[in-house]
Amino acid sequence: MPRFITAIVLALSAIPCCLSIWPIPRSLDSGNQILKLSGSFDISINFTNPPQDLLDAVTRTKYSIQTDQLGRLTVGRGSSDSTAFGSAKTLRTLMLALEQSASTAQPIATEAVVALDARDEGYSLSVPLDGSAGVVSANTTLGLLRGLSTFEQLWYTYDGTIYTNYAPLTIVNDSPAYAYRGFMLDTARNFFSVSDIKRTLDAMYLVKINTFHWHITDSQSWPIQVVQFPELAQAGAYSTNQSYTPSDIQDVVTYAGDRGIDVLVEIDTPGHTAIIGASHPEYVACYLSDWITFASEPPAGQLRLADASVTNFTAAVLAAVAETLPSTMFSTGGDELNTACYAADGPTQMMLNESGRTLFEALDIFTSATHGALHALGKTAVVWEEMVLEYNTTTLRNDTIVMVWISSDDAAAVVQRGYRIVHAPSNYFYLDCGAGDPIGNDPTGNSWCDPFKTWQESYTFNPLANISSAQVSLVLGGEQLLWTEQSGPENLDSIVWPRAASSAEIFWTGDTLPDGFDRVGNISEALPRLHDVRYRMVQRGIKAIRLQPEWCALRPQMCDE
């Protein structure tokens with residue numbers, strides 16, 4: 001047998017066939033025996049005064065297990081398992097146990113926004129075969145929540161019986177390889193309701209994605225209502241029904257926090273800000289000018305960053321939004337500045353000449369002021385890679401987080417300058433690629449980042465490519481992104497899921513599967529599990545797209561090459 005085929009066979013045999021968990025735990029020991037769930041199954045907590053969001057998570061877990069009604073993905077959908085139901089043991093209780101002694105357990109939502117380097121999501125899980133209680137143990141309530149999301153994925157239903165075929169199961173000290181595991185949604189180019197976002201957060205919870213990067217404004221619309229600056233949304237939202245009130249924002253933040261998800265809001269500046277010209281035309285250069293010359297897409301317009309009044313205004317807007325958010329992070333963007341616009345803008349050139357500064361020296365001052373307003377609130381600034389690699393912004397603090405998006409090849413250059421990074425490369429993680437060109441008169445129909453990024457392609461991503469061992473700690477994780485020139489609520493679920501789950505496993509499990517084999521080389525092992533979580537998402541109302549004909553989903557590896 002050829003060596004590469006031998007390796008695949010060994011990998012498939014080391015992890016039990018069709019094991020459903022996504023992302024796969026970093027440590028795992030499971031059997032293949034049937035264990036039924038009691039009709040009176042309950043989840044107990046071994047400490048006093050558990051926070052309300054943990055109690056709510058317990059309720060959701062019990063509800064999901066009862067209502068998923070997912071038949072096992074095998075021919076007959078579990079009919080062959082039913083012969084063992086009569087003699088199978090029954091699990092009646094799952095106990096949640098905090099290992100770390102504390103007088104009061106912290107709410108999940110509090111632990112979900114702890115700084116990345118201090119966040120603890122680890123857990124252990126045991127599901128015995130003898131009918132005794134299962135246990136999820138962790139140092140934090142956030143860890144208990146991650147254990148619950150794993151536990152939920154163990155159960156199938158056949159003819160009214162809820163059961164698992166993975167007993168006994170033991171997971172010890174499962175924790176993420178990377179602290180940041182994100183998904184970005186652009187709600188400016190097209191609007192998404194709070195219910196759309198909540199449904200997305202539910203899917204993120206299931207696969208342990210812990211950061212919702214909310215690209216909330218852009219040149220096309222300003223859908224966030226800022227109490228101190230009501231004119232921005234009044235003039236900049238598509239309609240009064242297409243903006244987020246302060247209570248909407250808090251609703252999303254609370255819903256996310258209950259599911260262990262940090263909300264990273266981005267207000268992109270000084271580029272991607274044409275819409276501010278609808279209420280403050282004096283602040284915006286090239287407003288509604290020739291976009292082909294002055295912007296990457298319509299409409300043209302970006303903040304006059306050399307103007308002190310614009311700088312003060314921007315800092316005040318960012319602070320007004322950031323102070324309402326619990327996250328320690330806030331993104332100011334900083335990508336795709338169009339220098340031709342500033343060169344053609346009379347007021348900008350006059351201010352630069354009067355001050356004797358270059359454009360990028362003025363950007364340094366702008367960045368110092370806007371980031372300073374965030375730092376005063378205890379926030380860590382997040383920027384796109386151009387701020388480091390193209391504009392050489394000298395006023396960036398060392399703790400700034402840089403998102404690498406233009407190409408995965410740029411990551412090494414950013415960490416070489418000492419900055420922490422989040423991988424968001426267009427050549428792997430852009431979910432909108434391959435949908436054609438949103439420009440109306442382009443007969444070629446090609447998007448700039450073609451082709452379509454399949455889950456298989458993104459799954460092969462190596463977070464540490466060209467990163468030295470001394471720089472590994474600078475790699476915080478990564479995210480997949482949906483820019484919405486051609487997306488809306490109608491295709492949100494199908495364009496994101498289950499593809500975005502591929503990076504959830506990259507950044508939770510890391511490079512090595514629990515059997516010791518390389519993750520990247522085991523796409524065939526990953527596919528049945530991704531099928532499983534996709535079918536479970538559908539059972540929960542998430543319209544995730546199919547990966548193969550159902551015939552293939554029920555017959556693992558039979559549709560591989």
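None of the values given here were measured: they were computed from a predicted structure. In this chain, residues are counted from 1 in sequence order.
Scanning both residues, Pro463 and His423, for their nearest heavy atoms gives O-NE2, 2.8 Å. The minimum heavy-atom distance between Pro51 and Gln106, with the atom names listed, is CG-O, 3.6 Å. Taking every heavy atom of both residues into account, Gly76 and Tyr158 meet most closely at O-CE1, 3.9 Å. In plain terms, the two heavy atoms of Ala411 and Ile421 that are nearest each other are CB-CD1, 3.7 Å. The minimum heavy-atom distance linking Pro176 with Glu121 is given by the pair CG-OE2, 3.8 Å. Across all non-hydrogen atoms, the minimal contact from Cys433 to Pro451 is CB-O, 3.5 Å.
Contact annotation: the side chain of Ser331 approaches that of Leu264 to within less than 4.5 Å [non-hydrogen atoms, C-beta and beyond].
Aromatic ring centres of Tyr244 and Phe191: separated by under 6.0 Å.
Environment of NZ in Lys198: crowded, with over 12 heavy atoms of neighbouring residues, nucleotides or ligands closer than 6.0 Å. Heavy-atom contacts from other residues, nucleotides or ligands closer than 6.0 Å to OH of Tyr63 number 12 or fewer. For CG of Asn466, the number of neighbouring non-hydrogen atoms (other residues, nucleotides, ligands) closer than 6.0 Å is 12 at most. The local environment of NZ in Lys62 is crowded, with over 12 non-hydrogen atoms from other residues, nucleotides or ligands closer than 6.0 Å.
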Mind running salt bridge (Lys or Arg N to Asp or Glu O under 4.0 Å) on Asp511 and Arg519 for me, showing each step along the way?
CA-CA 5 Å; Asp511 294 337; Arg519 171 186 52 78; 3.6 Å; yes
Apply salt bridge (Lys or Arg N to Asp or Glu O under 4.0 Å) to Arg146 and Asp174, showing your working.
CA-CA 9 Å; Arg146 299 298 180 230; Asp174 186 28; over 6 Å; no
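Here Arg72 contributes atom CZ and Leu554 contributes atom CG; the two are 10.5 Å apart, rounded to the nearest 0.5 Å. How far CD1 of Ile523 is from OH of Tyr459: 8.0 Å, rounded to the nearest 0.5 Å.
For the residue pair Asp130 / Ser132, a side-chain donor-acceptor distance below 3.5 Å is found, with atom types taken as modelled. Under 3.5 Å, the side chains of Tyr205 and Tyr255 contain no donor-acceptor pair of N or O atoms.
Checked options Thr484, Asp432, Asp218; the residue passing with Arg189 is Asp218 (criterion: side-chain hydrogen bond (donor to acceptor under 3.5 Å, both in side chains)). With Val496 as reference, Leu482 is the one residue of Leu481, Leu482, Ile542 to meet the side chain to side chain contact (heavy atoms under 4.5 Å, CB included) rule. Test Leu116, Val422, Val475 against Tyr178 for side chain to side chain contact (heavy atoms under 4.5 Å, CB included) and you get one pass: Val475. Test Ile24, Leu530, Val533 against Glu505 for side chain to side chain contact (heavy atoms under 4.5 Å, CB included) and you get one pass: Ile24.
Looking only at distances, no side-chain donor or acceptor of Glu385 sits under 3.5 Å from a matching main-chain atom of Val404. With Ser38 contributing its side chain and Ser40 its backbone, the two residues share a donor-acceptor pair below 3.5 Å.
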